[in-house]
Amino acid sequence: MKNAEIKNLSAGDLQNKLTEAKAEYTKLRLAHRISPIENPIQIRDLRKTIARLNTELKAKQQ
């Protein structure tokens, strides 16, 4: 997700996206440990997206 897309989401939507992203991150990490996935950069990008979602959620809660 792009930063502009994240900034337009409400706090509830951010929480939902964060939950989905964390579940996907766990799934990708597990799949990568079992057998290497095709594009391991997906893991890094997803981790950064989770950080962006967390940052924006904290900003909206203040």
Side-chain angles (χ1 to χ4, degrees):
M1 291 183 87
K2 301 287 182 185
N3 282 337
E5 295 172 1
I6 291 174
K7 289 185 184 291
N8 291 333
L9 296 174
S10 68
D13 290 337
L14 283 171
Q15 190 64 41
N16 291 338
K17 292 282 186 184
L18 187 59
T19 304
E20 291 172 9
K22 284 183 179 181
E24 182 67 23
Y25 177 67
T26 304
K27 187 177 116 185
L28 271 178
R29 271 190 22 221
L30 180 63
H32 187 63
R33 287 182 183 199
I34 293 171
S35 70
I37 59 176
E38 248 181 65
N39 189 1
I41 294 173
Q42 290 175 331
I43 296 172
R44 182 181 64 191
D45 291 343
L46 196 51
R47 192 170 58 237
K48 287 181 179 184
T49 300
I50 290 171
R52 285 185 192 107
L53 288 168
N54 273 327
T55 302
E56 192 60 33
L57 186 60
K58 298 268 188 218
K60 289 204 186 233
Q61 288 177 345
Q62 290 179 356

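- Glu5 CD: more than 12 foreign heavy atoms inside a 6.0 Å radius.
- One finds the OG1 atom of Thr49 at 6.5 Å from the CG atom of Leu53 (value rounded to the nearest 0.5 Å).
- Distance check, rounded to the nearest 0.5 Å: NZ of Lys2 to CZ of Arg52 gives 8.5 Å.
- Atom CD1 of Ile6 sits about 7.5 Å away from atom CG of Leu14, to the nearest 0.5 Å.
- Here the NE2 atom belonging to His32 is positioned 9.5 Å from the CG atom belonging to Leu28, to the nearest 0.5 angstrom.
- Between the CD1 atom of Ile50 and the CG atom of Leu57 there is a distance of 13.0 Å, given to the nearest 0.5 Å.
- Considering CD of Gln15 and CG of Asn54, their distance stands at 8.5 Å, rounded to 0.5 Å.
- Residues satisfying the salt bridge (Lys or Arg N to Asp or Glu O under 4.0 Å) test with Lys7, not counting sequence neighbours, are Glu56.
- Annotation: side chain to side chain donor-acceptor pair (under 3.5 Å) contacts of Ser35 (sequence neighbours excluded): none.
- Listed by chain and residue number, nothing satisfies the side chain to side chain donor-acceptor pair (under 3.5 Å) test with Asn8 (two or more places apart in sequence, or in another chain).
- A side-chain donor-acceptor contact under 3.5 Å links Lys60 to the backbone of Leu9.
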